Protein chains: 2
Amino acid sequence: MSPRAGQTKKRTRIQAINEEKIVEAALEIFATFGFRGTTIDQIAQKAEMSKPNLLYYFRRKEDIYISVLRRTLEEWLTPLTALNPKGDPLEEISKYTALKLEMSRKNPTASRLFANEILHGAPMIEDVLKGSLKQLVDEKAAVIGNWVKEGKLAQVDPYHLIFMIWATTQHYADFKVQMHAILGKTVDAPDYYEQAGTTINAIFLEGLKPRS
Amino acid sequence: MSPRAGQTKKRTRIQAINEEKIVEAALEIFATFGFRGTTIDQIAQKAEMSKPNLLYYFRRKEDIYISVLRRTLEEWLTPLTALNPKGDPLEEISKYTALKLEMSRKNPTASRLFANEILHGAPMIEDVLKGSLKQLVDEKAAVIGNWVKEGKLAQVDPYHLIFMIWATTQHYADFKVQMHAILGKTVDAPDYYEQAGTTINAIFLEGLKPRS
DNA sequence: TTATTTCCTGACCATTTGGTCAAGTTAACG
DNA sequence: CGTTAACTTGACCAAATGGTCAGGAAATAA
């Protein structure tokens, strides 16, 4: 019988190994070529496995994609969870921003996969977005809203602020190619992300107005 | 003989009309499904034209795509051109940001098309990015750099600032679906983009630190 | 009007690709 | 060791899709 990945049916050793191999290979391919642009053969090849064998673990291409997406999404949202209502507001936001930027640097593939899905209307994860994601964001937006009310932050809309942080940091993963084209090899320099972080942080905290 | 779109061969009346119809239809389809995800049939249907007829004007799918991309890219970069070295720095940047946000609102399709291309490695427009785009950005980054030197702006890296502006504003087009999922119907509210603009501007100018 | 060029279409083709299946191989377990 | 269940594969299929082509319809020019 087929193992039906994702079920709780007592996974075999080989099953665990192979599913892991497939999902890992699929992440990179999907992120690069998108869902339609990816062929099962490509994934199979990268996972060092025959196509029928791959399809033994995941019955449909869509199943692999969803599996990869869910795993990525989970990882992707972790930093926001860490935003601490009891911490210092400016510091918390700085930390969160730095963490997101760090993720864009270390795992741009995940960011691109996610961006691609959203860009195409998020057909596979609409429910997650409207469910757990919305819930988490609502919660953290409330925290930020309180900080604003208490006068610990400038008067800004919490949701738009969160969007701004996402946009700014993920841009370094999603639009890497463009940055590379504009800046030349600088992008690979070790201090590139450091400089990005400094600039982002400066603007988020102090804004562009010069202080004398 | 085939008309070979893009050539300077004395375009007929019908040719002009149909090429326009095709490119316009293609923009929306490509932006929604990506290059690989789009079928010629889809474009033909949207352009109210048979597939062979469409292929009479554009020999290959790629030709349509490139045509759409180039046209979009050009429009997309116009606002940056308007950044005036002799204007007031903060005002110029505010204006530019507002303009980009406005474009994201009015023409999200173009933004998504572009984002999609970059995300997939920009295989078709690498030369443009490294050419005219780089040139333009270099020029404007120098302008901003001067403002910083003159003490009219806070100490920030001009390139990263430009990236931040792009990221923040385009996010409203590219990640619209996600925002919609999180905020509910609010996204369609008339004051939604106004609120976005206010927040973005406030942060870019003043930062998050509360001022008493 | 007539000749010529441009435009348009149905039918067709080759390739790609998601997915199946019967049969063989390997691992696990008693 | 033997039996059973899990795993693997080559061969195959149907549908989708990019693209061609010969010939007909419509403009346009003479």
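Residue numbers start from 1 in every chain, and the chains themselves are labelled A, B, ... in the order their sequence lines are given, proteins ahead of strands. The structure presented is a predicted model; accordingly, all values stated were derived computationally and were not measured.
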Just jot down the salt bridge (charged side-chain N to carboxylate O under 4.0 Å, His left out) partners of A/Glu74, sequence neighbours excluded, or say none. none

Rounded to whole Å, how long is the line connecting atom CG of B/Asp63 with atom C1' of D/dG19? 12 Å

State whether A/Glu24 and A/Lys21 are salt-bridged, where the test is any N-O pair (Lys NZ or Arg NE/NH1/NH2 against Asp/Glu carboxylate O) under 4.0 Å. no

Expected output: side-chain A/Glu117 to main-chain A/Met124 donor-acceptor under 3.5 Å: yes

Side-chain N or O of A/Gln15 closer than 4.0 Å to phosphate OP1/OP2 of D/dC7: yes

Just N and O in the side chain of B/Arg59: are any of them under 4.0 Å from OP1 or OP2 of D/dG18? no

Grab the NZ-C1' distance between B/Lys61 and C/dT16 for me, whole Å please. 12 Å

Rounded distance (Å) that lies between atom C1' of C/dG18 and atom OH of A/Tyr65: 17 Å

Quick test of your reading of the model: are A/Lys130 and A/Glu126 salt-bridged, counting only N-O distances below 4.0 Å? yes

SB check B/Glu20 B/Arg71 (cutoff 4.0 Å): yes

Specify whether A/Tyr159 and A/Phe163 have parallel, tilted or perpendicular ring planes, treating 30° as the upper limit for parallel and 60° as the lower limit for perpendicular. tilted

Can you check the B/Ile14 CD1 to D/dA29 P distance for me, whole Å? 11 Å

Which whole-number value in Å describes the distance from A/Lys21 NZ to D/dT8 C1'? 12 Å

May I have the distance from A/Arg13 (atom CZ) to C/dT26 (atom P), rounded to whole angstrom? 15 Å

Residues in contact with DNA chain D, drawn from residues 30-53 of chain A - heavy-atom cutoff 4.0 Å: A/Arg36, A/Ser50, A/Pro52, A/Asn53

Looking only at side-chain N and O atoms, does A/Tyr56 come under 4.0 Å of OP1 or OP2 in C/dT20? no

Rounded to whole angstrom units, what separation is found between the CZ atom of B/Phe58 and the C1' atom of D/dT20? 19 Å

Sequence neighbours left out, cut at 3.5 Å: what donor-acceptor pairs do the side chains of residues 178-197 of chain B make with other protein atoms?
from     : atom 1 : to       : atom 2 : distance (Å)
B/Thr186 : OG1    : B/Leu183 : O      : 2.8

I want to check one thing: is the phosphate of D/dT8, taken as OP1 and OP2, less than 4.0 Å away from some side-chain N or O of A/Asn18? yes

Grab the CG-C1' distance between B/Leu55 and C/dG10 for me, whole Å please. 14 Å

